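To keep things clear, I will list the structure first and then write my remarks on it.
In this text, all values refer to a predicted model and were calculated from it rather than measured experimentally. All values below were derived from every heavy atom in this structure, side-chain atoms included, with hydrogens, water molecules and symmetry-related copies excluded.
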Amino acid sequence: MVSDSVRRLRSARAGSALIGVAVLCVIIALAYGRTLTMGFVWDDVHQIVNNGSIKKLSGIPSLFSHSVWSHTGDDGSYYRPLFSTSLSLDWVLWEGRAFGFHLTNVVLHALVTLLMYLLLSHALQDRRLALLAAALFAAHPVHSESVGWISARPDLLAALFVAISLLLLLPARDRAVKPVMLMLSAFSFFLSLLCKEVAILLPVFIYYWMAGVAGATRRGALLIVTPYLAMVLIYLGLRAHILSETSLFQKDLLTHLATAPVLVARYFGLTVWPYPLKVFYDLDPQNSLVSPVVLLSWLCLLLLLAALFWMWRSNPRIFGFAMFFPLFIFPVSGFVFFTRPALMAERYLYLPSIGICTVAAWLILSAIARAEGFFNRNRFVDVIGATVIALVMFGMLYKVNMHNEVWRDQTSFIQRLVSDAPESAMGHNAMGVLLFNEGRYEESVAAYSRSIQINPIDCLVIFNRAIAFKRLGQMESALQDLQRTLQCRPEFANAWFELGTLELARGNRERAISCYERAVRIDPTNTKYRVTLGRVR
């Protein structure tokens with residue numbers, strides 16, 4: 001009799017879990033199904049379409065010895081080999097079709113969501129709360145960039161391995177930690193670092209959970225965390241060895257201290273109320289610690305800390321997951337003085353938003369429970385609560401679908417980029433390139449001119465405008481821009497080549513030969529330069 005009851009209980013729980021999984025899958029399909037029809041946008045062109053290093057499986061080992069941008073000649077400061085490996089697998093599997101890359105992103109988001117559901121179900125011991133938190137996470141509009149934009153995949157991969165790492169560990173207590181599971185968990189954490197460095201503070205969460213929730217002693221929790229700290233050291237050593245840019249120390253500490261609280265406050269506000277969403281956030285650096293916006297931001301952060309303290313006292317488990325926000329936003333907050341102030345971007349909220357979604361679900365269900373108690377468990381309260389949740393989900397799904405359209409194609413993205421940040425030179429330059437490629441040279445010149453007006457020292461934009469002037473037959477304007485380009489970048493081989501072509505068209509053969517010779521000296525491997533020089537001579 002008892003065994004039958006236990007069996008029925010387990011069957012009911014399994015059925016409930018399957019229903020939860022089905023609900024989450026439907027939400028994800030509604031949120032991101034349309035992204036499967038979208039193309040390659042912005043960095044996707046450089047990271048995928050023009051990246052020869054990912055187009056053969058035999059090239060995968062080399063991805064672990066170079067930075068993400070090494071194929072462009074820029075060693076940079078990003079070491080994410082598993083991200084590049086995933087692109088290589090996609091290229092071979094889908095033969096370069098954008099559909100397959102977008103499908104992988106959607107599948108990764110689904111896996112993270114489902115693992116989060118399982119993790120929260122176990123850790124919080126409340127399946128209903130876990131389902132609501134996972135549903136909010138699945139449909140949150142700030143994830144549009146991470147899921148809809150292929151090049152934002154590192155956040156999905158890092159979150160996936162973080163979730164796996166925690167699922168392997170959190171069932172354990174101080175005396176029940178199995179060495180094999182601990183090592184597998186630490187290794188999964190290491191894999192998350194190879195996807196994106198933002199996961200580096202996960203050991204802080206693990207230490208708190210083991211000591212503050214799982215019942216381990218402080219010494220026991222420290223022993224559990226030790227393999228993770230070892231993985232951090234291995235990762236930092238590997239990263240320093242691979243990347244040429246090993247030191248990013250910046251001296252503008254005042255700018256860091258003033259800008260960081262504004263940045264974190266905006267991130268928190270965007271997670272709680274995702275409006276307006278942008279593809280580019282032109283956040284101005286702050287240079288005063290006592291400006292109104294900085295003081296107001298510090299006040300917001302103090303209130304956030306007070307809320308965290310209250311959660312720590314009232315519900316240590318909820319507090320643990322609430323810590324996801326400060327822990328995983330910290331590396332991109334600007335508070336870390338050895339890194340540059342981070343550009344604000346929605347993709348940076350992918351891991352931190354787990355904390356906000358968990359707290360939001362807890363607050364919603366707590367409010368419903370209090371209302372039920374006040375009204376003597378009136379079922380009308382449940383109907384109102386379910387209606388509110390449904391409206392919230394509908395609003396999120398509507399917003400995420402609208403924002404997804406940004407990633408449809410290059411034109412949609414660049415138009416939105418210029419609209420979101422009209423004072424950004426980068427956006428106007430991108431619009432100029434787009435218009436040039438469409439043969440709209442006069443409009444292209446106008447876009448380049450606006451970019452140069454904002455940033456007069458960007459030599460590449462000046463060069464781009466010179467080529468547009470040349471296509472329009474405005475040779476004098478093209479000549480002035482090429483000369484201006486070479487004043488700031490005298491070793492720009494392509495500028496010398498284009499200047500030679502221009503001089504030849506103007507009948508200055510000797511001057512043209514001199515320009516072609518200069519281009520060949522700078523880049524002797526360029527066949528076009530050498531052949532043209534030989535023909536003109």
Side-chain angles (χ1 to χ4, degrees), residues 112-134 136-137 140 158-177 181-182 185-186 188-189 192 198-229 232 264 267-268 271-272 301 303-331 333 349-366:
V112 172
T113 302
L114 295 177
L115 290 175
M116 175 186 165
Y117 173 49
L118 294 176
L119 176 64
L120 293 176
S121 295
H122 170 79
L124 303 180
Q125 301 174 355
D126 187 333
R127 195 179 299 278
R128 190 171 64 150
L129 193 160
L131 178 59
L132 180 55
L136 294 173
F137 179 82
H140 203 302
L160 176 68
F161 288 112
V162 164
I164 293 172
S165 178
L166 293 177
L167 276 170
L168 289 169
L169 182 70
L170 289 197
R173 291 180 178 270
D174 183 27
R175 297 180 181 178
V177 176
M181 300 299 284
L182 180 61
S185 176
S188 182
F189 165 62
S192 74
V198 71
I200 199 166
L201 291 180
L202 182 63
V204 177
F205 170 84
I206 292 174
Y207 177 83
Y208 164 77
W209 192 270
M210 289 300 156
V213 177
T217 63
R218 292 183 179 181
R219 181 181 177 184
L222 186 59
L223 288 174
I224 291 171
V225 168
T226 299
Y228 299 88
L229 299 179
V232 171
V264 175
Y267 274 132
F268 179 73
T271 312
V272 174
L301 295 188
L303 292 174
L304 178 59
L305 289 174
L308 288 172
F309 179 76
W310 170 73
M311 275 183 276
W312 174 61
R313 296 295 299 270
S314 60
N315 194 321
R317 291 176 181 270
I318 292 294
F319 169 78
F321 282 93
M323 286 295 290
F324 264 58
F325 181 80
L327 284 178
F328 295 121
I329 210 67
F330 185 74
S333 67
L349 284 168
Y350 193 77
L351 260 174
S353 68
I354 292 176
I356 303 298
C357 292
T358 302
V359 172
W362 176 59
L363 291 175
I364 291 172
L365 295 180
S366 296

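From Leu131, atom CG reaches atom CG of Leu120 across 10.5 Å, with rounding to the nearest 0.5 Å. In this structure, Phe205 CZ and Tyr208 OH are separated by 8.5 Å, a value rounded to the nearest 0.5 Å. Rounded to the nearest 0.5 angstrom, Met116 CE and Leu351 CG are separated by 10.5 Å. The NE2 atom of His122 sits 6.5 Å away from the CG atom of Leu170 when rounded to the nearest 0.5 Å. A distance of 11.0 Å separates CZ in Phe161 from CG in Leu115, rounded to the nearest 0.5 Å. To the nearest 0.5 Å, the span separating CG on Leu160 from OG1 on Thr113 amounts to 10.5 Å.
For the pair Ala199 and Phe189, the tightest heavy-atom approach, listed with the atom from each and the gap, is O-CE1, 3.2 Å. Considering every non-hydrogen atom in both Leu308 and Phe319, the closest pair reads O-CD1, 3.2 Å. Taking each heavy atom of Ile318 and Met311 in turn, the nearest pair found is CG2-SD, 3.9 Å. The heavy-atom pair separating Pro316 from Gly212 by the smallest distance is CB-O, 4.4 Å.
The main-chain N or O of Arg127 is never found under 3.5 Å from a side-chain atom of Ser121 such that the two would form a donor-acceptor pair. With hydrogens and angles disregarded, no donor-acceptor distance shorter than 3.5 Å links the side chain of Tyr228 to the backbone of Val204.
Applying the side chain to side chain contact (heavy atoms under 4.5 Å, CB included) test to Arg218 and every residue at least two apart in sequence or in another chain returns Tyr207. Under the ring pair (Phe, Tyr, Trp, His ring centres under 6.0 Å) criterion, Phe268 pairs with Phe325, not counting sequence neighbours.
Under the 30°/60° scheme for interplanar angles, the aromatic rings of Phe309 and Trp312 are found to be tilted.
Pairs of residues two or more places apart, or lying in two chains, that qualify as side-chain hydrogen bond (donor to acceptor under 3.5 Å, both in side chains) and include a residue from residues 158-169 are Ser165-Ser185.
Paired with Leu119 under the rule side chain to side chain contact (heavy atoms under 4.5 Å, CB included), one option of Leu124, Leu114, Leu167 passes, and it is Leu167.
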Side-chain donor-acceptor distances from residues 353-364 under 3.5 Å, at least two apart:
{"from": "Ser353", "atom 1": "OG", "to": "His143", "atom 2": "NE2", "distance (Å)": "2.6"}
{"from": "Ser353", "atom 1": "OG", "to": "Leu349", "atom 2": "O", "distance (Å)": "3.0"}
{"from": "Ser353", "atom 1": "OG", "to": "Tyr350", "atom 2": "O", "distance (Å)": "2.9"}
{"from": "Thr358", "atom 1": "OG1", "to": "Ile354", "atom 2": "O", "distance (Å)": "2.7"}

